[in-house]
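Read the structure below first, then the notes.
FYI, the numbering just counts along the sequence from 1. Given the structure is predicted, the values throughout are model-derived calculations rather than measurements.
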Amino acid sequence: MMKGQPRKPLSAPNNGLLVKSLIPTAYNVYNARITLINNLKKLLKVVPAHACRWCSEIHVGPIGQSFKSCKGAQANLCKGLHEWMKAHVEDMIIPIEAYHLKDRLGKRIPHEERFCIP
């Protein structure tokens, strides 16, 4: 029942002023993201949009453009032509990936090792 609905803010933990000030901001960002996704779903029902199967390009309009500009992984098979399919919300908005450390003051994780941490 609550899927796709904004969450209600929880009370902030009693561990510092910075955390208390960031929690409402995080809820505002999260709720704005849900609103954006819901409105984009409504917009995609009215306005046709296409996503290339091989690269990350999006075309808004009835027919995808036909010039050779595809730079995707399989672009050499289609000689640089885009292969258009119906676009979805996931094609337009990048999913959020986040992880939390048990010891937030511990060793810093370099960018290259971010996927190696359980």
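- Both Val60 and Leu43 are assigned to one and the same hydrophobic cluster, defined by single-linkage of ILVMFWY side chains at heavy-atom distances under 4.5 Å.
- For the atom pair CG of Leu81 and CH2 of Trp54, the computed distance is 12.5 Å after rounding to the nearest 0.5 Å.
- Using bins of under 30°, 30° to 60° and over 60° for the plane-to-plane angle, the ring pair His50/His59 lands in the parallel bin.
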Can you list the steps and then say if Cys55 with His82 is a side-chain contact (heavy atoms from CB on, under 4.5 Å)?
CA-CA 8 Å; Cys55 67; His82 292 285; 3.4 Å; yes
Going through the checks in order, is the side-chain contact (heavy atoms from CB on, under 4.5 Å) test met by Lys86 and Leu44?
CA-CA 10 Å; Lys86 185 178 177 185; Leu44 284 176; over 6 Å; no
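- Taking CD1 of Ile37 as the start and CD of Glu90 as the end, the distance is 8.0 Å to the nearest 0.5 Å.
- Cluster annotation: Leu36 and Ile58 are assigned to the same hydrophobic cluster (Ile/Leu/Val/Met/Phe/Trp/Tyr, side-chain heavy-atom contacts under 4.5 Å, transitive).
- Residues Met92 and Leu40 have side chains in contact (heavy-atom distance under 4.5 Å, counting atoms from C-beta outward).
- Side-chain atoms of Asp91 come within 3.5 Å of backbone N or O of His88 as a donor-acceptor pair.
- Considering every non-hydrogen atom in both Cys52 and Cys70, the closest pair reads SG-SG, 3.8 Å.
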